[in-house]
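Take a look at the structure set out below.
Computed from a predicted model, the values in this text were never measured in an experiment. We name chains A, B, ... by the order of the sequence lines, and we start the count at 1 in each one.
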Amino acid sequence: MVCMELSGQNADIKSAKDLGLVTCRRCSRVWPIETEVCARCGHAVQSRDITSLQRVWAFWVLGFMCYIPANMFPMLQTRTLLQVQEDTIIGGAVELFHYGSPGVAAIILIASVVIPVAKFMAIAFLAISVTRPSKVSPHQRTVLYEVVEYIGRWSMIDIFVVAIMASLVQLNTLAAINPGSASLFFALSVIFTMLSAQAFDSRMIWDVQAEATDHHAGETET
Amino acid sequence: MTTQTPLDPDTLIGCPQCDATYTLAAPKSGETAHCARCGYRLIAPRKKAGMQIIMLSLTIAVLVIAASVFPFLTISAAGRSNSVSILQAALVFSDGILVVLALATAALIIFIPLLRVLLSLYVLTPVVFDRPPARGAVKAFRLSEALRPWSMAEIFAIGCAVALVKVTDLADVQFGPAFWMFTILVFLVVLQDTFLCRWSVWNSLDKTQT
Ligand SMILES: [Zn+2]
Ligand SMILES: [Zn+2]
């Protein structure tokens with residue numbers, strides 16, 4: 001592993017902001033602070049995205065608002081010879097558990113309940129943590145952010161499963177599965193939470209920390 | 001400290017994730033430069049990576065197209081059978097408002113992955129063969145990068161497996177050829193992503209530097 005460092009010591013790492021510069025988040029090119037558009041890749045550059053938290057919360061709220069109907073309305077409607085059955089996400093998982101597929105029930109519960117809820121909590125925590133000194137180290141929070149970004153997409157799996165099942169099980173009178181209205185809300189919820197995570201400016205995680213260290217250093221000197 | 005001398009931004013590289021700034025020292029092929037503060041992978045050049053990515057991209061393009069027309073699951077119950085392709089799966093959301101979902105599903109599992117592959121071929125082929133970058137290559141690569149989180153072909157593959165288990169008690173289900181194509185796709189997509197050093201691509205497209 002090669003590390004390129006400006007000043008050798010890990011603790012002395014300077015951010016572009018400290019140096020009066022700005023980094024392009026798309027291509028890592030460094031520019032003078034007044035630059036607005038990266039001349040290499042054309043991406044808009046900003047030292048810190050000042051509207052970041054507003055957008056994070058706006059998408060967070062939208063995502064959360066969609067997640068509630070996603071759990072109340074039926075995700076799947078199963079029609080067999082004898083009956084029509086409508087299942088919500090949790091209802092469907094409970095049913096699967098009773099009919100002997102606890103493994104699949106667990107996958108569904110983790111993908112559609114545990115991960116989305118954990119993701120809402122993680123994004124809220126990150127957004128709050130950058131506004132004040134946090135006990136959780138920036139390193140841990142960065143890992144949390146990376147996990148949220150990586151795993152959020154996987155919540156889409158439930159929508160794909162609904163699509164696959166509904167197209168597959170169309171055996172006329174024998175059995176048919178149709179998607180329920182919850183699928184739309186669930187998909188919207190996943191998309192909004194992904195946008196919320198993307199709106200978060202992860203550089204802020206390190207700023208508060210750097211300010212706190214500076215402040216602390218100043219105190220000990222005097 | 002080096003901060004007294006005015007810094008030339010051309011000799012620096014910044015971490016997109018945490019804003020740490022380093023003097024640029026491109027690592028040798030096969031080595032990786034990580035951000036010392038947050039661990040972000042800054043530069044990871046690989047010899048012959050360009051050619052490998054082109055081959056992978058071509059394979060992915062062929063697989064995505066083939067996988068979207070061939071059936072990926074076949075169901076049979078009481079003498080009836082039904083095979084579905086991915087396009088059919090996307091089109092089940094065709095009732096009223098769910099049409100939006102049909103379009104989104106088709107985009108996420110077919111069109112966006114395909115578009116990303118085509119964009120990276122367009123950008124990388126001239127670079128690999130030492131030609132000047134293609135017209136609009138910068139825009140093309142930027143779009144490809146922006147679409148990265150929205151390319152969900154590999155998630156769909158896992159979705160197939162889950163759906164299979166869920167319907168086995170209703171009827172007999174068999175994997176079709178497209179399922180295996182998608183399974184291979186999962187690995188290829190991951191491989192392509194690790195081979196690609198974004199910084200190297202941007203650097204080779206850079207017209208502001210000599
Ligand atoms: Zn740039
Ligand atoms: Zn970093």
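Taking the six-membered ring where the residue is Trp, A/Trp154 and A/Tyr150 present tilted rings, their angle falling between 30° and 60°.
Of all the listed residues (B/Ser85, B/Ala104, B/Gly39, B/Ala20), the one sharing the greatest number of non-hydrogen pairs under 4.5 Å with chain A is B/Ala20. For the options A/Ile191, A/Asn178, A/Asp201, A/Val143, heavy-atom pairs under 4.5 Å to chain B are most numerous at A/Ile191. Here A/Met194 is the residue among A/Glu149, A/Glu146, A/His139, A/Met194 with the most heavy-atom pairs under 4.5 Å with chain B. Here A/Gly42 is the residue among A/Gly20, A/Gly42, A/Ala166 with the most heavy-atom pairs under 4.5 Å with chain B. Of the listed residues (A/Ser183, A/Pro32, A/Ala187), the one with the most heavy-atom contacts under 4.5 Å to chain B is A/Ser183. Comparing A/Cys41, A/Pro179, A/Ser202 by heavy-atom pairs within less than 4.5 Å of chain B, the highest count is held by A/Cys41. Most heavy-atom pairs under 4.5 Å with chain A: of the set B/Tyr40, B/Trp150, B/Phe141, this distinction falls to B/Trp150.
Distance alone, capped at 3.5 Å, is enough to place a donor-acceptor pair between the B/Tyr22 side chain and the B/Ala36 backbone. Between the A/Arg203 side chain and the A/Lys17 main chain, no donor and acceptor come within less than 3.5 Å of each other.
Closest approach of A/Val148 to A/Ala122, counting heavy atoms only: CG2-CB, 3.5 Å.
Proximity to chain B (any heavy atom under 4.5 Å) is shown, for A/Ser28, by both the backbone and the side chain. No part of A/Ile33 comes within reach of chain B, as not one of its non-hydrogen atoms sits under 4.5 angstrom from that chain. Neither the backbone nor the side chain of A/Leu188 comes within contact range of chain B; no heavy atom of the residue lies under 4.5 Å from a heavy atom of that chain. For B/Ala146, the parts sitting under 4.5 Å from any heavy atom of chain A are the backbone and the side chain alike. Heavy atoms closer than 4.5 Å to chain A are found nowhere in B/Val201, neither backbone nor side chain.
In this structure, A/Arg29 is positioned above the aromatic face of A/Trp31, its NZ or CZ under 6.0 Å from the six-membered ring centre and within 45° of the axis.
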Between A/Tyr67 and A/Phe185, is a ring-ring contact (aromatic ring centres under 6.0 Å, His included) present by the stated rule, with each step listed?
-> CA-CA 7 Å; A/Tyr67 189 64; A/Phe185 289 110; over 10 Å; no
Carefully, step by step, assess B/Leu12 and B/Thr23 under the rule side-chain contact (heavy atoms from CB on, under 4.5 Å).
-> CA-CA 4 Å; B/Leu12 300 176; B/Thr23 40; 4.0 Å; yes
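A salt bridge links A/Arg48 to A/Asp207: one of the charged nitrogens lies within less than 4.0 Å of a carboxylate oxygen.
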